[in-house]
Each structure stands twice: as C-alpha cells, then as structure tokens.
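Below: the structure, in structure tokens.
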Amino acid sequence: QVQLVESGGGLVQAGGSLRLSCAASGRALSLYAMGWFRQAPGKEREVVAALSWSGGYTYYVDSVKGRFTISRDNPKNTLYLQMNSLKPDDTAVYYCAAGTTLSRSVLLTTTRQYKSWGQGTQVTVSS
C-alpha cells in the first residue's frame, strides 16, 4: 500500500498562493487515481480536486475552479495542488488520498472511494 505525506501548508494572506505537495512511498503514484480533500473545523471532509489514474482527467469543486490546479510528477512520485487567489474560506486541513480504479479515466470524488490517506497539512488564509 502506498504511504502519503503532505507538505507545503502554512499561513497566507487572502489573494496569495501556496503549493501543496504529497510525497508517496511504497508504490508508484502513477498506479492510482488521486485526490485532494479538505476539512474545516466543524465541517465534513470535502473533495477539492481529483486526478484520474491516467492523469488525463481532472475534477474540481466549483468553489476552486480557475484557482486550484492538481498535477502529478511521476518521476518524483509526488502529487501537487497549486492554489492561487486564496480566500479565507479555503482555510482547512488539506489531505491527499490515493485510490484504485479499474478504468484509467475514472475520477474518484468521495472519501469512501479512497483507501490511502496522508496525515494532512494546515492551510490558513487570513483576510
């Protein structure tokens, strides 16, 4: 099973940018469909972005479309989430997750579809 470790979180002013990284070990990320989730205090964990196993398909929740970009670097075995134009509502703990699918084009968008999770990284956006 793949092990995931997130990094890159921090405190940033509204309008700023952060890039989250999710380093994998144990297995190649190119074998998995991937996702970024976030969980704010008192709220359920929600999907932010997803990447298909093939890497050719992406999904973004409406609130981050045009601002966030999910990508994967296979040689580095690392998943990224580039976050631009950050807003206070983006404040949350961000998690990366890996899941398996039979199809290379399927996007996984719910927590129950993922089997491997990182420990999370805090993102705080000040107004």
**Q.** Counterpart residues, side-chain contact (heavy atoms from CB on, under 4.5 Å), relative to Gln113 (two or more places apart)
**A.** Leu108, Thr109, Thr110

Q | With Ser116 via side-chain contact (heavy atoms from CB on, under 4.5 Å) - residues at least two apart | A | Gln1, Val2, Leu4, Ala98

Q: Provide the full list of ring pair (Phe, Tyr, Trp, His ring centres under 6.0 Å) pairs with a residue in residues 47-98, sequence neighbours left out, each pair given once.
A: none

Q: Only counting residues at least two apart or in another chain, list the ones meeting side-chain contact (heavy atoms from CB on, under 4.5 Å) with Thr100.
A: Tyr32

Q: Tell me, please, which residues at least two apart from Ser52 pass side chain to side chain donor-acceptor pair (under 3.5 Å).
A: Ser54

Q.
Going by ring-ring contact (aromatic ring centres under 6.0 Å, His included), name the residues that satisfy it together with Phe37, two or more places apart in sequence or in a different chain.
A. Tyr114, Trp117

Q. Which heavy atom in Leu29 sits nearest to a heavy atom in Ala24, and how many Å separate them?
A. CG-CB, 3.4 Å

(Q) The test is side chain to side chain contact (heavy atoms under 4.5 Å, CB included); show your working for Val123 and Thr91 and say whether it passes. (A) CA-CA 5 Å; Val123 172; Thr91 295; 5.9 Å; no

Q: Could I get the full list of side-chain contact (heavy atoms from CB on, under 4.5 Å) partners for Asp62, not counting sequence neighbours?
A: Lys65

Q) Within the side chain of Gln82, is there an N or O that forms a donor-acceptor pair under 3.5 Å with the backbone of Ile70? A) no

Q. Val106, Leu31: one ILVMFWY side-chain cluster at the under-4.5 Å cut-off?
A. yes

Q | Any pair counted as salt bridge (charged side-chain N to carboxylate O under 4.0 Å, His left out), so long as it reaches residues 33-49, sequence neighbours left out | A | Arg38-Glu46, Arg38-Asp90

Q: Calculate, to the nearest 0.5 Å, the distance between atoms OG1 and CG belonging to Thr121 and Leu81 respectively.
A: 11.0 Å

Q.
According to disulfide bond (SG atoms under 2.5 Å apart), does anything in residues 98-127 pair up with another residue at least two apart or in another chain? List the pairs.
A. none

Q: Decide yes or no for Arg72 and Leu51: does some side-chain heavy atom of the first lie under 4.5 Å from some side-chain heavy atom of the second?
A: yes

Q | Minimum-distance pair of heavy atoms, taken over all atoms of Thr101 and Ala33 | A | CG2-CB, 4.0 Å

(Q) Suppose the criterion is side-chain hydrogen bond (donor to acceptor under 3.5 Å, both in side chains): which pairs have a residue in residues 13-24, not counting sequence neighbours? (A) Ser17-Asn84

Q. According to the disulfide bond (SG atoms under 2.5 Å apart) rule, which pairs have a member within residues 68-117, sequence neighbours left out?
A. Cys22-Cys96

Q) Which pairs with one or both residues in residues 109-127 pass salt bridge (charged side-chain N to carboxylate O under 4.0 Å, His left out), sequence neighbours excluded? A) none

Q. How many angstroms lie between atom OG of Ser25 and atom CD of Gln3, to the nearest 0.5 angstrom?
A. 4.5 Å

Q: Answer yes or no: are there more than 12 heavy-atom neighbours, outside Arg27 itself, under 6.0 Å from its atom CZ?
A: no

Q | Nearest heavy atoms of Leu11 and Ser126, plus distance in Å | A | CD1-CB, 4.3 Å

Q | Pairwise distance CG(Leu20) to OG(Ser7) - rounded to 0.5 angstrom | A | 8.0 Å

